[in-house]
Chemist: 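Can you keep this structure in mind? I'll have questions shortly.
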2 protein chains.
Amino acid sequence: MGHPAAAIIAAFLRRTDNKIMPTEVPAIIRNRMAAATQNKPRVLPPSVAHALAQAYDIAVPTQELATSADEAVAIQAKIVGPVALKIVSDDILHKTDAGGVVTNVADADAMRKAYADIMASAQAYKADADISGVLVQEQIPAGQELIIGATSDPVFGKLVAFGLGGTMVEVLKDVTFRLAPTTARIAQDMLAEIKGSAILDGVRGSEPVDRQAIANLIVNVSRLINDFPDIEEIDLNPVIVSGASIAAVDVRILMNYEPAPARPRPSHEAILASMQRIMKPRAVAVVGASAEDGKIGNSVMKNLINGGYGGDLHPVHPKAAEILDRKCYASVKDIPGDVDIAIFCIPAAFVANVIRECGEKGIAGAILIPSGFAEIGEHELQAEIVQAAQAAGVRLMGPNIYGFYYTHHDLCATFCTPYNEKGVVALSSQSGGVGMAIVGFSRSANLGVSAIVGLGNKADIDEDDLLTYFEQDDNTQVIAMHVEDLKDGRAFAEVASRVSKKKPVIVLKAGRTQLGARAASSHTGALAGDHRVYASVLHEAGVIRVEKLNDMLEFARGLAVLPTPQGENVLILTGAGGSGVLLSDACVDNGLNLMPMPDDLDAAFREYIPPFGAAGNPVDITGGEPPSTYEATITLALNESRIHSLILGYWHTIITPPMVFAELLGNCVETARAQGIDKPVVCSLVGDVEIEEACDYLNERNILAYPYTAETPVAVLGAKYQWARTAGLLN
Amino acid sequence: MGHPAAAIIAAFLRRTDNKIMPTEVPAIIRNRMAAATQNKPRVLPPSVAHALAQAYDIAVPTQELATSADEAVAIQAKIVGPVALKIVSDDILHKTDAGGVVTNVADADAMRKAYADIMASAQAYKADADISGVLVQEQIPAGQELIIGATSDPVFGKLVAFGLGGTMVEVLKDVTFRLAPTTARIAQDMLAEIKGSAILDGVRGSEPVDRQAIANLIVNVSRLINDFPDIEEIDLNPVIVSGASIAAVDVRILMNYEPAPARPRPSHEAILASMQRIMKPRAVAVVGASAEDGKIGNSVMKNLINGGYGGDLHPVHPKAAEILDRKCYASVKDIPGDVDIAIFCIPAAFVANVIRECGEKGIAGAILIPSGFAEIGEHELQAEIVQAAQAAGVRLMGPNIYGFYYTHHDLCATFCTPYNEKGVVALSSQSGGVGMAIVGFSRSANLGVSAIVGLGNKADIDEDDLLTYFEQDDNTQVIAMHVEDLKDGRAFAEVASRVSKKKPVIVLKAGRTQLGARAASSHTGALAGDHRVYASVLHEAGVIRVEKLNDMLEFARGLAVLPTPQGENVLILTGAGGSGVLLSDACVDNGLNLMPMPDDLDAAFREYIPPFGAAGNPVDITGGEPPSTYEATITLALNESRIHSLILGYWHTIITPPMVFAELLGNCVETARAQGIDKPVVCSLVGDVEIEEACDYLNERNILAYPYTAETPVAVLGAKYQWARTAGLLN
C-alpha cells in the first residue's frame with residue numbers, strides 16, 4: 001500500500017463504515033486520473049488503476065518495475081514474503097512461453113539468479129525485443145477466488161458486484177449486485193445471498209474467510225466507481241481471500257467519457273404537490289369528451305359520473321354546448337376556476353398542444369389515454385409531449401393507458417369498466433391487459449382497493465412517483481405493481497427501499513426471462529444480465545417480488561387482510577395428516593419457521609385430541625373429531641402468546657362439515673379479536689364443493705381461506721413475513 | 001489394468017453398452033471377494049476393492065507394493081509416466097507428516113533416491129515402525145474432479161450417483177442418482193442433468209471431457225454394486241477426468257452382510273387378475289354394513305346404491321336380516337355365489353379374522369376403511385393382517401382409507417360423498433384429506449374421472465399395482481398420484497418408466513422438504529437425501545413431478561383435455577402486449593419453445609393486424625381489434641402446420657367482449673377439429689368478471705381457459721409437452 005494518499009483515505013473509509021458518505025478524493029489522485037485520461041483511453045493504464053485501487057484501500061500486490069538486478073533486489077527488500085518476477089515488454093505477449101516468469105523468489109541470491117535467467121530467456125526468445133524491465137510483484141498466497149467488480153447499468157446506474165470465482169461460478173453465474181456506493185452491512189447481505197455462500201465458512205477443513213474484510217473491499221470498490229462519473233466498469237478478477245488476508249490480483253478499469261445523463265426528477269415536495277392534486281382532484285376536465293356511445297370520451301364521462309365523482313366535471317369539446325348534461329368548453333383555458341387534471345381522449349397528434357394549454361391553465365396532471373406514441377415507434381412525438389409538459393409544468397400519466405382509479409375520492413378516470421370497492425390496496429400496471437385483470441380479480445374476490453393506476457409508456461409519472469404518493473396516503477396500506485421496465489431504476493430503488501419499510505410493496509417484474517443482450521467488455525458487465533440485476537436490486541429495495549400475475553393479485557389481497565405477526569413462530573393445526581405434510585412443505589418453500597413445540601404446549605394440545613394424534617408441529621387433531629375439538633385447539637392456539645401465526649388445514653368430514661367449521665372458526669377469531677388478540681390466520685380447506693361456500697364465509701370475515709390448495713395460504717403468509725422482516729418488525 | 005479377468009469383463013461390458021444384461025462375474029473375482037469377506041469386514045480391504053474396480057473396467061492408478069528399491073524400480077518400469085511413492089505402515093497414519101510421500105518420480109535414479117529418502121524419513125519419524133513397504137502408484141494427471149459412487153437406498157435399492165467434485169458441489173449438492181444397474185444412455189442423462197453440466201464442455205479454455213468415458217464409468221460402477229448384494233456403498237472419490245483420460249484416484253467399498261429383504265411382489269399377471277376383479281367387481285360384500293345413519297357401514301351402502309352400482313351387493317352383519325332392502329349375511333362365507341371385493345367397515349381388531357374368511361370365500365380384494373393400524377403405531381396389528389392376507393391370497397387396499405371410486409363401473413366404494421362423473425383421469429392419494437380435495441375439485445371443475453383410489457397405509461396394494469392396472473385400462477388416459485412415501489420405490493420406478501411412455505403419470509410427492517436424516521458412512525450415502533433420490537428416480541421414471549396439490553389437480557384436468565402436440569413449435573397470439581410478455585416468461589419457465597417466426601408466416605399475420613402490431617412471436621394483434629381479427633389470426637394459426645400449439649392471451653375490450661371472443665374461438669376450434677386439425681390450444685383471459693363466464697364456456701367445449709392468470713395455462717401445456725417428450729412422441 002505504497003501510495004501516500006492511501007492511509008488518509010483508508011482512515012476516512014473506515015470512519016464511515018456503515019453509513020454512505022461522499023468520499024473526499026484527494027487532489028493527488030484526481031490529478032493523476034486527469035492526466036491519465038487526457039487522451040480518453042478506453043482502458044485506464046494499469047499503473048494508474050493500481051494506484052487508484054490502493055488509494056481506496058483495495059489491497060493489490062505491491063509491485064515495482066526493476067531495470068537491473070540490483071533494483072530488483074532493492075524492491076524485493078521492501079516486500080514481505082516471496083515475490084514473482086514478470087518480464088515487461090511490448091514485444092513479448094506470452095510471458096510464460098518466453099521463460100519470462102519466475103515465482104517463489106525468496107532471497108537476494110535467488111533474485112539475482114532469477115533476474116539473469118529471465119533476461120537470458122527473453123533474449124533467446126526474441127533477440128531484438130524492446131524490454132522495459134522486470135516487474136517485481138508481491139506473491140498472493142493461494143485461497144478462495146472471488147469476483148468483485150462494478151458496472152454501470154442503463155437502468156440502475158453504478159452497481160457493485162460480488163460472486164465466487166472459479167469455474168462453477170462461470171457456469172452457474174452465482175453473482176449478486178447492489179447500488180453503488182454501498183455499506184458494509186449491505187455488502188454482508190451480498191455474501192449471504194449467493195448460492196455458494198457456505199464456501200466462505202470453509203469447506204473440507206479450510207479456514208473460514210474474513211467476511212468483514214470482503215465486505216469492506218466491496219464497499220471500497222463501490223465508492224471508487226461512484227466517485228468518478230467516467231469510470232464505467234471495474235474488474236478485480238480474481239480477488240483471492242484466505243483467512244483474514246484478501247487481495248485483488250489484477251485491477252482493470254474501463255472508462256466511458258460520455259455517461260448517459262440522469263433522468264430529470266422533481267423534488268419530493270414537488271412530486272407530492274402534483275400527485276395530491278392528481279389523485280384527489282377537485283375539478284376534472286375531459287378533453288375530447290363525447291356524447292356518442294362507444295367513444296372513449298363518452299366512456300370516461302360516464303365512468304366519472306356513474307362512479308360518483310363529487311368534484312366539478314368539465315367536458316371539453318370544440319363545438320358541443322353540453323355533453324351528458326354538463327356544460328362544455330372549447331378549451332381547458334375557457335373553464336372557470338381551478339382545474340386539477342385533464343383526461344385526454346383525443347388523437348395523439350393533438351396532445352402536445354393541449355398539454356401547453358393545460359400548463360397555461362395551471363393544471364397539475366394530464367392523463368394521457370391516447371396511444372400512438374413510443375409503443376408504436378413514434379419516439380419523436382413522445383419526446384415532444386414530454387418537452388411540452390416539462391416546459392408547461394404539467395405532470396403526465398401515460399400515454400397509452402386505461403386511465404386510473406382512486407376509490408376514496410370516487411374517481412374512475414378510465415374508459416374501462418368502473419370500479420369503486422374501497423379498500424387499502426393500491427395497484428399499478430404498465431399494461432392495459434394486466435390493469436383489466438386487476439379490476440376483474442378485485443371484483444371477483446371482493447378486493448377493496450384505494451387506487452388502480454395505468455402507467456403505460458411512463459413518459460413521465462412512473463412507479464417512484466406513485467410510491468412517493470402512496471407512502472403518505474393513509475388510504476393505502478399495501479402496494480402492488482406490475483412492471484415491465486423501470487425508466488429510472490435507481491430512483492425506484494431509493495424510494496422503494498424507504499416505502500417498503502412502512503408498507504408492503506409487491507412487484508411483478510414481467511419480461512424477466514428476456515436476457516439483456518448487452519455488449520459488455522468487462523467480466524462484471526457480462527455477468528450483469530437484466531434479470532440478475534433486477535433481482536438483486538429489487539431484493540435490496542425490500543420489495544416482495546412475485547413471478548406470477550395471480551400471485552401478485554393473491555398477495556395484494558392477502559397482505560391487506562393479514563395483521564402483522566408479532567414473531568416467527570408458526571403453528572400448523574390440521575384435521576388431516578396429509579394436509580399437514582403438504583402445509584409443512586409449503587412452509588419450508590416460503591421461508592416460514594415451524595415453531596418447535598414446547599412440552600407444556602404439546603401437553604395442552606394433547607388434552608383435546610386422540611392419543612395417536614398431535615405430537616409436535618403440525619398438530620394433527622385427526623380426521624374423526626367433532627367441532628368441539630377444532631374449537632378447543634384453535635382457541636388454545638389463538639390465546640397462546642408463543643404462537644405468532646396459525647395455519648389451519650381443514651378436512652371435510654361428516655362430523656365437522658365445512659360450514660360448521662367456518663362458523664366455529666369465525667367465532668373463535670372474533671372472540672380473540674375482541675380480546676385484542678389479532679394474529680395471522682390462514683386456512684387451507686380440502687373436501688367436497690361445500691368448502692367453497694365455507695371459504696367465502698371466512699373471507700367475508702377477513703379470515704383468509706382457500707379451497708383445494710395447501711400452498712396458496714402459506715405463500716401469502718410467507719409474503720407477509722417477508723415484509724415484516726424487511727420492515728424490521730420481527731427483530 | 002493388471003487383473004487377468006479385467007479384459008474379459010471389459011469386453012463383455014462394452015458389448016452390452018446400451019442394454020442392461022446380467023454381468024457374468026468371473027469365478028476368480030467371486031472367490032477373492034468370498035475370501036476377503038469371510039470375517040465380514042465393514043470396509044472391503046483396499047487391495048480387493050482395487051482389483052474389483054479393475055475387473056469392472058474402472059480405471060484406477062496402477063500400483064504395487066515394493067519392499068526394496070530394486071522392486072520399486074521394477075514396478076516403475078511397468079508404469080507409463082511419473083509415479084508417486086507412499087509409505088505403507090500400520091504405525092504411520094499421517095504419511096505426509098512422516099515424509100512418507102514423494103511424487104513426480106520420473107526415472108530409476110530418482111526412484112532409488114526417493115525410496116531411500118522415504119525409508120530414512122520413516123525411521124526418523126518412528127524408529128520402531130512396522131513398515132510393510134512402499135506403494136508405487138501411477139500418478140493421475142490433474143483435471144476436473146467428479147464424484148461417482150453407488151449406494152443402497154431403503155426405498156429404491158441399489159443406486160448409482162454422479163456429481164461434480166470440488167468445494168462448490170459439496171456446498172450445492174449438485175448430484176444425481178439412477179437405479180443400478182444403468183445404461184450408457186441413462187448415464188449420459190445424468191451428465192446433462194446436473195446444474196454444472198456445462199463445465200464438462202470445458203470452461204476458461206480447458207478441453208471438453210469425454211462424456212462417453214464418464215458414462216461408461218457410471219455404468220460400470222452401477223453393475224458392480226448390482227452384482228454383489230452385500231456391497232452397500234461405493235465411493236470413487238474423486239474421479240479425475242481430463243480430455244479422454246479418466247481414473248478413480250481412490251476406491252472405497254462398504255459392505256452390509258444383512259441387506260434388507262425385498263418386498264414380496266406378485267407377478268404382473270397376478271396383479272392384473274386381482275386388480276381387474278377389484279376395480280370392476282361383479283359382487284361386493286360390505287362387512288359391517290349398518291342401517292344407522294352416520295355410521296360408516298351405512299354411508300358405504302348408500303354410496304354404492306345411490307352411485308348406481310349394478311352388480312350384486314351383500315351387506316354382512318352378525319344379526320341383521322336386511323339392511324337397506326338387501327339381504328344380510330352373518331359372514332362373507334355365507335354369501336351365495338362369487339364375491340370379488342369386501343369393503344371393511346369394522347373395528348381394526350376384527351379385520352384379520354374376516355380377511356381369513358375372505359380367503360376361504362375366494363374374495364380378490366379387501367378394502368380396508370378401518371384405521372387403528374400402523375398410522376397410530378399399531379405395527380404388529382398391521383403385520384398380522386398382511387400375513388393373514390398373504391396366506392389367504394387376498395389383496396388389501398389400505399388400511400386407513402376413504403375407499404375408492406371406479407366410475408365406469410358406477411362404483412362408489414367409499415364412506416365419503418359419491419362421485420360418478422365419468423372421464424379418463426385416474427387419481428390416487430395416500431391421505432384422506434387429499435382424496436376429498438380430489439373429489440371436490442373434480443366436481444367443481446367438471447373433471448370426469450375413471451377412478452379415485454385411497455391408498456392409506458399401503459399395507460399391500462400400492463402405486464405400482466394401480467399403475468399396472470391403469471396401464472391397460474382403456475377408460476384411463478391420465479394418471480395422477482399423491483405420494484407421501486413409496487413402499488417399494490424400485491417397483492414403482494420400473495412400472496412408472498413403462499407406463500409413462502403410454503399415459504402421463506403425474507406425481508405429487510409430499511414431504512419433499514423433510515430431509516432424510518440418514519446415518520451415512522460414505523460420501524455418496526451422505527449426499528443421498530430423500531428428496532434428491534426421489535427427484536432423480538421420479539425423473540428417470542418419466543413422471544411429471546409437481547410440488548403443489550393444485551398443480552396436480554389442474555395438470556390432471558388439463559392433460560386429459562389437451563391433444564398431443566405434433567411438434568415443439570409454440571405460438572403466442574395475444575390482444576395485449578403485456579399478456580404476451582407474461583406468457584413468454586411462463587413459456588421459458590415451463591420449457592416451451594417459442595417458434596422463431598418465419599418471414600412468410602409473419603407476413604401472413606401482418607395482413608390482419610395493425611402496422612404497429614405483430615412482428616415475431618408473440619403475435620400481438622393489439623387491443624383495439626374487432627372479432628374478425630381474432631378470428632382470422634386464430635384460424636391462420638390453427639391451419640398452419642408449422643405451428644404445433646397455440647397459447648391465446650385474450651384482453652377484455654368493448655370491441656371484442658369476452659363472450660364474443662369465447663364463441664368465435666369455439667367456432668374456430670370446432671371448424672378445425674372437423675377438418676381433422678386438433679392441436680393444443682390454451683387460453684389466458686384477463687379482464688373484468690365476464691371473463692369467468694367466457695372461461696366456463698370454453699372449458700365446456702374442451703378448450704382450456706383460465707381467468708386472471710398467464711401462468712397456469714402455460715404450465716399445463718408445458719406438462720403436456722414434458723409427457724410427449726418422455727413418450728418419444730416429439731422426436
Side-chain angles (χ1 to χ4, degrees), chain A residues 166-168 170-172 195-196 198-199 203-204 294 375-377 417 429-434 436-437 439-441 443-444 482 484 510-514 547-550 553 576-579 581-582 584-585 588-589 612 623 649 651-652 654 686-689 691-692 707-712, chain B residues 166-168 170-172 195-196 198-199 203-204 294 375-377 417 429-434 436-437 439-441 443-444 482 484 510-514 547-550 553 576-579 581-582 584-585 588-589 612 623 649 651-652 654 686-689 691-692 707-712:
Chain A
T167 51
M168 280 301 284
E170 302 212 6
V171 171
L172 295 185
K195 296 190 205 88
I199 287 178
V203 284
R204 298 213 285 197
E375 84 282 3
I376 62 161
T417 44
S429 79
Q430 202 164 341
S431 120
V434 173
M436 282 301 288
V439 173
F441 176 90
R443 201 186 305 278
S444 185
H482 159 262
E484 292 189 343
R512 97 198 107 79
T513 59
Q514 288 154 3
E547 301 203 332
K548 298 179 178 177
L549 173 57
N550 208 256
L553 299 169
S579 291
V581 176
L582 293 171
S584 298
D585 279 353
V588 174
D589 289 345
F612 50 90
W651 177 26
H652 186 165
I654 298 168
V686 295
D688 212 331
V689 286
I691 61 170
E692 295 180 28
Y708 317 124
T709 169
E711 299 80 18
T712 306
Chain B
T167 51
M168 279 300 282
E170 303 213 7
V171 171
L172 294 185
K195 295 190 206 90
I199 287 178
V203 284
R204 297 214 284 199
E375 84 282 5
I376 63 160
T417 43
S429 78
Q430 200 163 341
S431 119
V434 174
M436 281 303 288
V439 172
F441 176 90
R443 201 187 305 278
S444 183
H482 160 262
E484 292 189 344
R512 97 199 108 78
T513 57
Q514 287 154 4
E547 301 203 332
K548 297 178 179 178
L549 172 59
N550 208 258
L553 299 168
S579 291
V581 176
L582 292 172
S584 299
D585 278 353
V588 173
D589 289 343
F612 50 90
W651 177 26
H652 187 164
I654 299 166
V686 294
D688 212 331
V689 286
I691 61 169
E692 295 179 28
Y708 316 124
T709 168
E711 300 79 20
T712 307

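Naming convention: chains lettered A, B, ... in sequence-line order (proteins, then strands); numbering from 1 in each chain.
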Chemist: Looking at B/V581 and A/G511, what are the two nearest heavy atoms and their distance?
Modeler: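 Shortest heavy-atom contact: CG1-N, 3.1 Å.
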Chemist: When you compare the side chain of A/L582 with that of B/L549, does any pair of heavy atoms fall below 4.5 Å?
Modeler: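 Yes; the side chains approach each other to less than 4.5 Å.
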Chemist: For the side chain of A/N550 and the backbone of B/A710, is there at least one donor-acceptor N/O pair under 3.5 Å apart?
Modeler: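 It does not hold such a pair.
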Chemist: Looking at chain B, which one of A/T709, A/I691, A/D688 has the largest number of heavy-atom pairs inside 4.5 Å, strictly under?
Modeler: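 Top option by heavy-atom pairs under 4.5 Å: A/D688.
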Chemist: Any idea which of A/G433, A/S431, A/G578 has the most non-hydrogen atom pairs under 4.5 angstrom with chain B?
Modeler: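 Between A/G433, A/S431, A/G578, the count favours A/G433.
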Chemist: With side chains defined as the heavy atoms from C-beta onward, is the minimum distance between A/L172 and B/L172 less than 4.5 Å?
Modeler: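 Sidechains of B/L172 and A/L172: in contact.
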Chemist: Do A/E547 and B/D585 have side chains that get closer than 4.5 Å, going by heavy atoms?
Modeler: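 No - every pair of side-chain heavy atoms lies 4.5 Å or more apart.
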Chemist: If we define contacts as heavy-atom pairs under 4.5 Å, which of A/L553, A/D589, A/I654, A/T712 has the most with chain B?
Modeler: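 It is A/D589.
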Chemist: Determine the minimum heavy-atom distance between A/Y708 and B/F441, stating which atoms define it.
Modeler: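 Closest approach of A/Y708 to B/F441: CE2-N, 3.2 Å.
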Chemist: Counting only non-hydrogen atoms closer than 4.5 Å, does B/A437 touch chain A with its backbone (N, CA, C, O), its side chain (CB onward), both, or neither?
Modeler: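 Contact with chain A: backbone and side chain both.
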Chemist: Which bit of B/Q430 is near chain A, if near means a heavy-atom gap under 4.5 Å: side chain, backbone, both or neither?
Modeler: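 For B/Q430, neither part sits under 4.5 Å from chain A.
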Chemist: Out of B/P707, B/G432, B/G649, return the one with the most heavy atom pairs under 4.5 angstrom to chain A.
Modeler: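 Counting heavy-atom pairs under 4.5 Å, the top option is B/G432.
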